[in-house]
Amino acid sequence: MSENKELLKNGKRIDGRGIEDLRDMEAEVGIFKRADGSGYFRMGNTEAVAAVFGPRELHPKHRQKPKRGILQCRYNLTPFSVEDRKRPGPSRRGKEIGKVSEGALSSIVFLEEFPTATIDVYMEVISADAGTRCVALNAASIALADAGVPMKGLISACAAGKIEDTPVLDLKGEEDKDGQVDLPIAMNAETGDITLLQMDGMTDIDEMDEMLGLAVKGCKKVAEKQREALMKTFEDSK
Amino acid sequence: MSENKELLKNGKRIDGRGIEDLRDMEAEVGIFKRADGSGYFRMGNTEAVAAVFGPRELHPKHRQKPKRGILQCRYNLTPFSVEDRKRPGPSRRGKEIGKVSEGALSSIVFLEEFPTATIDVYMEVISADAGTRCVALNAASIALADAGVPMKGLISACAAGKIEDTPVLDLKGEEDKDGQVDLPIAMNAETGDITLLQMDGMTDIDEMDEMLGLAVKGCKKVAEKQREALMKTFEDSK
Amino acid sequence: MSENKELLKNGKRIDGRGIEDLRDMEAEVGIFKRADGSGYFRMGNTEAVAAVFGPRELHPKHRQKPKRGILQCRYNLTPFSVEDRKRPGPSRRGKEIGKVSEGALSSIVFLEEFPTATIDVYMEVISADAGTRCVALNAASIALADAGVPMKGLISACAAGKIEDTPVLDLKGEEDKDGQVDLPIAMNAETGDITLLQMDGMTDIDEMDEMLGLAVKGCKKVAEKQREALMKTFEDSK
Amino acid sequence: MMDITEIEEQAALDKIKSGKRLDGRGLKEFRDIKIETGVAKKAEGSAKVTLGDSKVIVGVKFGVGHPFPDTPDEGILMVNAELGPMASPNFESGPPGKDATELSRVIDRGLRECEALPLEDLCIEEGEKVWKIMVDIHVLDHDGNLMDASALGAIKALKEAYMPGYEDEKVLRDQEQEFKIRKVPIACTVGKIDDKYIIDPDLVEEEIVDGMVTVTWTEEELCSLQKRGNGGFKKDELLKIFELAKEKTTELRKIIE
Amino acid sequence: MMDITEIEEQAALDKIKSGKRLDGRGLKEFRDIKIETGVAKKAEGSAKVTLGDSKVIVGVKFGVGHPFPDTPDEGILMVNAELGPMASPNFESGPPGKDATELSRVIDRGLRECEALPLEDLCIEEGEKVWKIMVDIHVLDHDGNLMDASALGAIKALKEAYMPGYEDEKVLRDQEQEFKIRKVPIACTVGKIDDKYIIDPDLVEEEIVDGMVTVTWTEEELCSLQKRGNGGFKKDELLKIFELAKEKTTELRKIIE
Amino acid sequence: MMDITEIEEQAALDKIKSGKRLDGRGLKEFRDIKIETGVAKKAEGSAKVTLGDSKVIVGVKFGVGHPFPDTPDEGILMVNAELGPMASPNFESGPPGKDATELSRVIDRGLRECEALPLEDLCIEEGEKVWKIMVDIHVLDHDGNLMDASALGAIKALKEAYMPGYEDEKVLRDQEQEFKIRKVPIACTVGKIDDKYIIDPDLVEEEIVDGMVTVTWTEEELCSLQKRGNGGFKKDELLKIFELAKEKTTELRKIIE
């Protein structure tokens with residue numbers, strides 16, 4: 001990661017945000033008919049939809065676990081979500097994000113209530129301007145709630161990062177490209193349990209402390225937006 | 001489609017045929033030992049073989065239908081059937097033709113007599129000089145009869161088309177390449193039910209009327225050839 | 001195969017070996033924990049490891065044989081085992097060697113004792129300097145013994161070949177590349193039953209007689225090395 | 001005994017035989033259609049089509065590539081469709097199956113046969129570099145008649161698309177060049193049940209029709225046909241279906257333009 | 001209890017032990033062989049081999065491609081075999097499995113080791129463009145001994161093949177240049193049952209042999225060997241098998257030429 | 001009823017809660033580590049790491065290829081991991097799954113983020129030809145904590161590797177040029193069970209931890225993080241884990257150098 005653009009000027013970022021500001025957010029619950037639960041989430045120009053199917057029987061049967069269900073995630077970029085069209089089909093990056101997303105979401109679902117079953121979470125990124133895995137998880141989390149899956153809380157995700165040696169919250173595309181550190185996390189906003197954590201870039205423990213602090217704050221704001229959308233659906237359905 | 005060759009001259013086509021003439025045909029039934037039914041069909045330089053297996057149990061089991069059997073088609077060009085060698089393996093074109101062939105053949109088979117079963121129809125094009133899907137279906141249809149599958153009739157297929165603004169029957173290679181419309185159909189020649197219909201090119205309803213009329217006539221002639229081949233096998237086996 | 005290097009000089013080969021000499025060998029049994037049996041074998045700069053799993057249930061079930069087990073082999077070159085990195089994944093060459101290895105090993109295992117089961121043999125070539133299939137089989141054979149699979153004997157393998165019109169034993173890389181014939185065999189050294197035999201190159205029956213004679217001698221020496229390694233493990237485990 | 005699906009199918013069937021439909025529509029009426037554009041911010045053009053409860057998003061991307069050997073001075077059109085596991089509990093992950101392949105190929109032919117796109121104008125360097133127009137159809141929610149929804153989405157996304165600049169071997173997506181389509185092919189799927197014809201079959205209806213024909217019209221010409229499903233049609237029925245489709249695509253054309 | 005296959009296998013076994021075969025052949029006799037050429041009209045050469053009830057079609061296509069880096073001035077030979085689901089109720093669709101791969105590689109080695117094809121003469125532009133000869137073996141009906149049938153079909157199709165012209169980066173298939181093969185490798189598969197050797201095993205016999213060896217001979221030289229199946233052979237048995245195969249391939253050679 | 005695995009897991013859990021481990025180790029102790037180099041004779045660098053009963057072999061190969069368009073004057077690093085069926089009764093053949101992909105990508109990031117390799121020095125011809133460094137991780141025996149073993153193996157194999165020569169479009173592997181790595185990233189995986197932290201979890205422990213974090217340190221800087229498994233960590237726990245990993249990687253660094 002290099003720094004050839006001026007990303008920070010008088011404490012303001014290229015899009016006018018302050019250091020601790022998230023991009024504007026939008027959330028919607030229950031957007032699809034066929035899925036058991038579904039959700040949409042947008043942060044700035046990054047947006048994703050998620051659909052949840054299940055709990056349902058897991059095939060092939062030899063993969064079933066007798067004492068608990070499993071949660072499986074598929075993360076995908078639509079071909080038109082990026083600058084240069086992405087070839088359809090699984091990518092190495094997508095496989096990895098699918099796996100860490102399973103780790104992030106499994107801990108909040110009462111999987112022991114669904115022995116032998118699977119809960120399938122499909123996330124599609126519609127447009128990608130940094131933070132795609134966080135936005136996709138935010139959509140997935142409300143889709144799980146929409147599906148009525150028994151959950152211990154909501155997962156809320158956002159990234160902190162470092163640009164021009166300064167920790168900031170929620171990188172957008174140019175900041176991610178020319179920034180120094182990218183630190184996406186996902187968190188149960190009520191308990192403070194961080195269930196996804198990845199980091200690229202060079203840093204130290206003090207900076208990590210600062211960036212994690214920012215990210216935790218960000219997740220709490222994301223959680224508000226998610227709850228608001230869920231509440232709206234709940235009210236609408238009354 | 002462009003028109004840079006003279007395809008019609010004094011009502012005669014490049015190979016001397018008139019507008020309503022089919023290419024010469026050849027048909028043979030029962031050409032293979034291992035298959036439950038098999039057939040060969042040729043129209044001009046286009047030729048195909050087909051083999052039928054089943055009714056037999058469908059795997060994997062979760063795809064079985066409790067109240068009726070299914071009919072599955074695989075359409076394939078052999079690597080040496082075309083000008084430039086075709087890489088082995090499924091192509092998008094082949095998948096689509098497989099699907100419309102299933103639609104064309106399923107309606108004449110009493111699938112409700114074979115709950116949970118599959119009838120597998122494999123079609124291989126040996127040489128391709130236009131009209132491959134029709135020729136392959138003609139072979140498949142007699143292969144189904146050869147397999148003793150209970151059927152409501154025979155499926156007979158041929159294409160009409162438009163060259164130099166004139167509707168003609170059964171395009172051959174050069175006509176297809178430089179022609180304006182290609183209209184392959186498959187039909188139960190006894191009932192007149194058209195079970196495959198595709199069309200490329202620009203036309204209107206009047207022309208469609210004319211081309212469909214030609215194609216229907218063509219299918220009836222194909223049906224005669226098919227019946228003749230089946231009869232011959234029947235007599236041979238007496 | 002061409003002859004542009006001097007491979008033989010005064011009866012000595014490029015590495016100083018005589019015509020009937022094998023390269024130096026190393027063998028080790030029981031090198032892995034998770035596998036039911038495992039082995040390592042080296043001849044000169046060619047080395048391979050093998051792991052055996054089973055007898056265990058064969059999936060999918062419709063492939064099970066009611067009266068006997070099957071033995072399945074996977075032969076693979078690690079990406080870094082050859083000059084130019086090999087792309088991971090199955091190759092045509094690897095598939096063929098897997099198949100002939102199944103033929104070579106199946107005959108010495110009492111497969112009739114394991115109806116419906118499979119014994120899976122995985123062979124990985126760590127470095128390839130000619131004779132890889134033989135070295136891999138030598139490792140696989142001791143891995144089978146290590147797994148406690150009931151066997152009629154050991155399979156021992158090595159290649160004979162022809163360089164500068166002279167039959168020699170156990171080609172190394174340069175000899176294989178510029179040699180005239182490559183003749184890998186595998187043998188039950190006690191009974192003299194040859195269970196793998198392949199040959200590339202031009203030869204006649206007299207030369208074959210001579211080369212087979214050399215290869216048979218070679219296999220017997222290999223068998224000694226294998227037995228020594230098995231004995232050592234046996235003593236160690238006492 | 002009938003399961004829930006069968007009961008629903010039977011109800012839909014009875015209703016159609018009486019000249020009505022379960023959701024209250026007339027036989028020759030489309031479900032509600034909503035078309036939004038600019039929905040995929042990184043695409044040069046995009047459209048999301050909501051047809052009843054079916055949802056399809058189409059994105060158009062421009063790229064630069066080698067021309068095909070037989071058309072060295074023409075741009076390339078690629079149409080791809082994904083029917084991913086998100087859209088239906090019955091879909092699985094993996095490469096496009098028969099349904100997705102048919103979907104993309106029918107849309108492709110609709111655009112190609114009427115020469116909707118000015119491919120001859122999309123050559124950068126003859127025999128070496130031409131523009132590739134990549135149309136990706138992504139099905140989000142499948143409640144039937146994906147063909148008509150996808151055809152609408154594809155032509156709408158193409159109408160909205162701009163062409164990026166190209167300089168020094170680089171695609172410049174912040175430069176927007178005009179890109180004009182020439183024809184507007186529109187698909188209409190007609191299903192047959194006994195002697196009734198229905199427009200825009202939903203998922204349940206797709207299961208019970210005797211057969212379907214997807215008919216693609218430009219303003220004046222028929223440019224693609226695809227009979228789908230298992231049943232058969234008499235010649236005269238087909239001619240009536242083409243007429244009906246012409247009438248309905250004329251209606252849809254107003255929404256698009 | 002034995003199922004039908006087992007009963008058939010037992011009958012075949014008993015027969016062979018008594019020196020005869022179920023279909024009346026002698027132990028060292030091939031089934032009826034029919035070879036037709038020119039069967040695939042778009043191929044530069046083709047042959048269909050009927051060996052008893054086994055049917056194999058082989059097509060030869062020429063194309064132009066990059067040479068391999070280590071042989072910049074030589075043409076390329078590619079042999080591929082497809083054992084598709086048409087040929088046997090036990091075959092499945094998909095990429096070539098172990099059997100198809102072995103089949104193609106044994107035929108390939110038979111052609112390559114004796115330098116049957118004049119690959120050195122097939123260079124168009126050194127390091128850039130050479131002819132590729134693509135031999136595709138397509139199994140239509142599998143009743144055993146595909147190896148010998150395919151080897152026969154491959155060499156016959158190559159003998160019949162012409163080489164197209166090449167001008168202005170285009171393959172001209174209406175120009176027919178002479179293309180001469182130099183050797184005629186022929187394969188003969190010998191199976192062993194107890195102390196008996198059989199030639200040309202059919203499908204049932206392939207299941208009951210102790211092992212098989214496919215031996216490929218040119219007029220004078222042994223050019224490829226492949227032991228198949230599970231059993232083992234003593235050295236002296238092998239030498240006898242090579243002799244027997246030489247005798248039988250000499251017979252087959254007459255049919256081919 | 002509990003099966004054997006569950007009994008073993010329960011025993012491991014009880015032990016850890018009492019501050020010990022089944023194999024006698026302390027909570028913050030690695031298993032025995034053995035590193036051998038030069039184990040793959042055709043690789044430019046290789047290392048075999050034995051970590052308890054886990055065994056991983058890493059080979060480094062150099063090749064020449066096209067640079068990426070956005071870094072026309074930089075070499076290319078590729079990291080690949082294979083978790084083949086040899087390493088565990090539960091693994092299947094096939095392309096890398098989620099576990100293998102995560103493994104290779106975490107190792108890749110560890111090397112890439114701290115710029116361990118002098119990629120800028122590996123350009124042969126700008127925009128045309130650069131060196132590719134291909135690091136292949138091959139798991140031989142899987143008894144847990146493949147991440148740390150693979151990271152150790154990768155950096156050790158790279159440290160041992162030489163760079164071949166390149167002349168006349170050919171890679172000359174008998175010429176050995178110096179190739180210096182700049183940083184030594186080392187991974188340490190820390191697992192959490194209730195309020196206990198363990199280092200280097202074995203296979204059974206990987207099943208029972210609440211969660212794990214793989215932390216990669218160079219001498220001075222944190223260069224990659226990956227939380228793994230299902231559980232969650234409080235922010236303060238994470239900071240403690242990073243400290244612990246720093247301490248342990250400093251120990252491991254001594255073995256490597």
Side-chain angles (χ1 to χ4, degrees), chain C residues 30-40 42-54 56-57 59-60 72-90 94-95 98 118 120-130 132 136 139-140 143 147 172-173, chain F residues 38-48 50-55 57-65 78-96 100 104 132-144 157 161 164 170-174 202-203:
Chain C
I31 57 174
F32 299 143
K33 178 189 184 189
R34 303 296 310 283
D36 297 317
S38 54
Y40 164 84
R42 181 178 66 76
M43 294 178 84
N45 279 335
T46 296
E47 51 187 344
V49 292
V52 169
F53 291 86
R56 61 183 178 184
E57 204 185 359
H59 291 285
Q72 304 184 97
C73 287
R74 180 184 189 257
Y75 166 96
N76 188 50
L77 292 173
T78 56
F80 44 76
S81 65
V82 285
E83 288 294 312
D84 293 323
R85 180 199 185 238
K86 187 200 159 279
R87 230 170 178 324
K95 276 190 199 174
T118 179
D120 294 312
V121 179
Y122 302 112
M123 303 178 278
E124 294 282 340
V125 174
I126 303 300
S127 67
D129 188 49
T132 55
K172 76 186 295 288
Chain F
V39 290
K41 290 166 189 73
K42 291 288 172 99
E44 277 81 75
S46 64
K48 186 170 146 196
T50 306
L51 177 61
D53 281 316
S54 283
K55 280 196 178 60
I57 184 165
V58 181
V60 172
K61 291 295 301 175
F62 280 77
V64 171
M78 265 179 54
V79 180
N80 181 60
E82 298 278 314
L83 290 178
M86 168 174 278
S88 158
N90 306 322
F91 292 168
E92 288 170 18
S93 296
S104 63
K132 286 161 65 177
I133 305 179
M134 295 168 285
V135 178
D136 279 285
I137 298 161
H138 209 86
V139 179
L140 297 172
D141 204 0
H142 175 18
D143 195 37
K170 271 182 194 141
V171 175
L172 305 170
R173 300 199 195 272
D174 48 357
D202 65 23
L203 195 65

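Any value given below was found using the heavy atoms of this structure, including those in side chains, with hydrogens, waters and symmetry copies removed.
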J.: In the structure I gave you, are the side-chain heavy atoms of C:Arg56 and F:Pro89 within less than 4.5 Å of one another anywhere?
T.: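 A side-chain contact under 4.5 Å exists here.
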
J.: Is a salt bridge present between C:Asp84 and F:Arg173, judged by a nitrogen-to-oxygen distance below 4.0 Å?
T.: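 Salt bridge flag = yes for F:Arg173 with C:Asp84.
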
J.: Sort F:Val39 into side chain, backbone, both or neither according to what part of it lies under 4.5 angstrom from a heavy atom of chain C.
T.: backbone

J.: Is any side-chain heavy atom of C:Arg34 less than 4.5 Å from a side-chain heavy atom of F:Leu140?
T.: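 The answer is no; the side chains never approach within 4.5 Å.
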
J.: For C:Pro79 and F:Lys61, which heavy atoms make the closest approach, and how far apart are they?
T.: O-CG, 4.4 Å

J.: Less than 4.5 Å to any heavy atom of chain C: does that hold for the side chain of F:Pro85, its backbone, both, or neither?
T.: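 Contact with chain C involves both backbone and side-chain atoms of F:Pro85.
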
J.: Heavy atoms only: give me the nearest F:Lys42-C:Ser81 pair and the separation to one decimal.
T.: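 Scanning both residues, the minimum pair turns out to be CG-O, 3.2 Å.
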
J.: Using a 4.5 Å cut-off on heavy atoms from C-beta on, say whether the side chain of C:Arg42 contacts that of F:Lys41.
T.: yes

J.: I need the residue from F:Asp136, F:Val58, F:Thr50 with the largest number of non-hydrogen atom pairs under 4.5 Å to chain C.
T.: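 When all of F:Asp136, F:Val58, F:Thr50 are compared, F:Asp136 has the most.
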
J.: Check C:Tyr122 against F:Met86 and note the closest heavy-atom contact, atom names and distance.
T.: O-CE, 3.2 Å

J.: Considering all heavy atoms of both residues, which atom of C:Ile126 and which atom of F:Ala40 are nearest to each other, and what is their separation?
T.: O-CB, 3.9 Å

J.: Using heavy-atom distances under 4.5 Å, tell me whether C:Glu47 contacts chain F through its side chain, its backbone, both, or neither.
T.: side chain

J.: Please tell me if the side chains of F:Met134 and C:Phe80 come closer than 4.5 Å, counting only heavy atoms from C-beta onward.
T.: no

J.: Any heavy-atom pair between the side chains of F:Ile57 and C:Thr78 that's under 4.5 Å?
T.: no

J.: Looking at side-chain heavy atoms only, is the closest gap between C:Arg85 and F:Asn80 below 4.5 Å?
T.: yes

J.: Under 4.5 Å from any heavy atom of chain F, what part of C:Val82 do you find: side chain, backbone, both or neither?
T.: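 Interface part for C:Val82: backbone (N, CA, C, O).
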
J.: Taking side chain as everything from C-beta outward and backbone as N, CA, C, O, which of these in C:Asp120 sits under 4.5 Å from a heavy atom of chain F? Side chain, backbone, both or neither.
T.: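 No part of it gets close to chain F.
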
J.: Are C:Lys33 and F:Ser54 close enough that some pair of their side-chain heavy atoms sits under 4.5 Å apart?
T.: no

J.: At a 4.5 Å cut-off on heavy atoms, which part of C:Phe53 comes close to chain F: side chain, backbone, both, or neither?
T.: side chain

